[in-house]
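Every value quoted in this text rests on a predicted model; they were computed, and no experiment measured them.
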Amino acid sequence: MFRTLASSLALTAALLAGCGSTVVNPVTGRSERTVMDEPTELAEGKKAHEEVLKEYGAYPDPKLQAYVNEIGQKLAKQSHRANIPWTFTVLDSPEVNAFALPGGYVYITRGILAYMDSEADMAGVIGHEIGHVTARHGAQRATRQQAAGLGVLAATVLGAVLESKAGLSGGTEMFGQAAQGMAAGYVAKYSREQELQADTLGAEYLARSQYDPHNMVDVIRVLKLQEAFAADEAKARGLPAPEGANWLSSHPSNDQRLQQISQNAAKYQGSYASDGAQRFLSVIQGMRFGESPEQGLTRGQNFYHPGLGIALTAPAGWRIENDAEAVSFVAPQGDAALRVLAVPRSAGTDHDAIIREGLKPSEGKVTRGSINGFAASHFVGARKNDNGQTQALEVTLVTGPKQNAYLMAYLSADAAARNRAMPGLMATEKSFRAMTAADQQAARPWQIRTAPFPRGGYAELARQSAVSDRQLQLLNGTYGRQDPPVGQMVKTVLEQ
C-alpha cells in the first residue's frame, strides 16, 4: 500500500527518431524492424530495472537472491542470448507473478515462490520469462507502442508491470497517478503466439539445464488451482469469480495450452537431475508470506500499517483489498468502497489546500470534525473530469500519526449502492486510529516454514498455522486433490 510507480515515466521516456533499424531475431533467425536494437535494449532495460525496484523493492534476503540468480544464470547460459548480461531479482511482493524486461532483466516475486514445490518448478517460471527476452517480445511491444506516440521506457516498464495490476478503479488518478491511468489504455498482453513461443523456449532451456520440461506443466496446474480457489472463495461470498491477479492472468491459460505444453515437453526424453525440492524448501524456509509490514497487513477484518502507525477495521462481510497505491474496504456486493490513500508530504497537511489543489473541485462544502482524536475534514461536492463532465465527489481528509495526511474516498457504482453501503463506509472511516499495543501484537508478519505432514491432515496442521486448512492445501498444490503422504515435508505459515 501507498507506493506509486514513478510518474516521471511518461515524461522522461523519449521517442526514438525515425523508423528504427533492422535486427535479426536470435530465436527465429529472421530480420525484423525495431526501435530497440540490442545496445538500446540493454540501455532501456537498465533504466526500466531501476523503476521496477522503486515500485516493488527487492526482497531483502541475500541467500534467496543468490539462489534464484544461480538458477537463472544456469538457464540463461543455455538460451539463445547467452551473450548478454542477465539479472534475476526476487521482488518483495505477495503477488503471484513473474515478468521480464528487455535486456535480460527477469523478476520473480516471493508471492509466486511460496506456491512452488521445487527448484525445477521455479526454473519453469524463470525459463518462460527468459524465453520472452530471447525472442525479443518486449522489444517488439516497444516497437508497436512507438507508433502510438509512447516513449520506449514507458512501454518497457508499464507494459511489463501494469499488465499484472488489478484493483478497484475510481481513486488512483488522484495525486500524480497519471502514468498508470495513461497506461491502462495502451498496455497489451503478449499475444498467444508469443506466449506459446515462450513456453516452447522455456521447455528447451529446462531440458538443456537438466530439468524435466514437464515441470512447466506442473507449474501451470498449480497456479490454476489458485483460480479455482479464488472462484470458490468468491462463490461462498455470493460474488462472481475474479478475473485473476496472478501469473496466469497475464498469460493465456486453457486446456488447449496445457495440452500443447504437455506435447512439447514430451519431445524431450531422457534422464534428468533431481527436481531440487529439498534444496528449494530449505532456501525458502523463513521467507515472508503474504503482505509485508511496509505495505500494510490484513488480519481478518483489520488492516494494520506498522510503518505509518495506523489501523482501520472493515465491517463484517466487507473485504479488504490492499494494493501498491491504496487500501480499499469493499462492500459485500462489490459496488461500493472506501479507498484510503496517503497524501504525499509535498502536498502539506492543510486540508483546504489539499482539497483545492489535489482534488480541484468545482463546487462543494467542507465539514470539520475529528476521528479518534485526529483532525478531520469531510468534503461533499463535485469536480470536472478530463472530459469536462461533472463528477460527484465525497472524501474525508484526516491528519493521523506523525502528521501524515490521509484521504478516504467514498466510491460507488451508483446512488443506490452508495446509500446501501453508507453505514459501512462511515463505520470504516470512524475506525481510523493510531495503532494500539493490541494492534501491534496482531500485526506480526507471517513466514513460510516446513513441517512433516501430520496424521491429522491439514486440519491438524492448520491448528498451528496462521492460515486455514484450505489455504494450506493451496500452498502445497493439493487443493481439491489427494493429501500428501504422512511424514512428507510440506509448507505451513507461522507468525514471525
Subject >> D469 and R463 ion-paired at < 4.0 Å >> reply: no
Subject >> W446 six-ring face occupied by R299 cation (under 6.0 Å, within 45°) >> reply: yes
Original post:
With sequence neighbours left out, which residue pairs that include part of residues 62-73 fulfil the salt bridge (Lys or Arg N to Asp or Glu O under 4.0 Å) condition?
Top reply: E70-R279
**OP:** Would you mind checking if R136 and E32 are paired as a salt bridge, meaning a charged N to carboxylate O distance below 4.0 Å?
**Re:** yes
Subject >> D323 side chain vs A326 backbone, donor-acceptor pair below 3.5 Å >> reply: yes
Original post:
Can E41 and R81 be counted as an ion pair, charged N to O under 4.0 angstrom?
Top reply: yes
Subject >> Ring centers of F99, H132 separated by less than 6.0 Å >> reply: no
Original post:
Okay, side chain of Q78, backbone of L75: is any donor-acceptor separation there less than 3.5 Å?
Top reply: no
Original post:
Would a distance-only check, ignoring hydrogens and angles, find a side-chain to backbone donor-acceptor pair under 3.5 Å from R444 to Q496?
Top reply: yes
Original post:
Would you say K74 has more than 12 foreign heavy atoms packed within less than 6.0 Å of its NZ?
Top reply: yes
**OP:** Spell out, as yes or no, whether a donor-acceptor pair under 3.5 Å connects the side chain of T478 to the backbone of R481.
**Re:** no
Original post:
Can you check whether H214 and Y268 have ring centres sitting under 6.0 Å from each other?
Top reply: no
Original post:
When the aromatic ring centroids of F453 and Y458 are compared, is their separation below 6.0 Å?
Top reply: yes
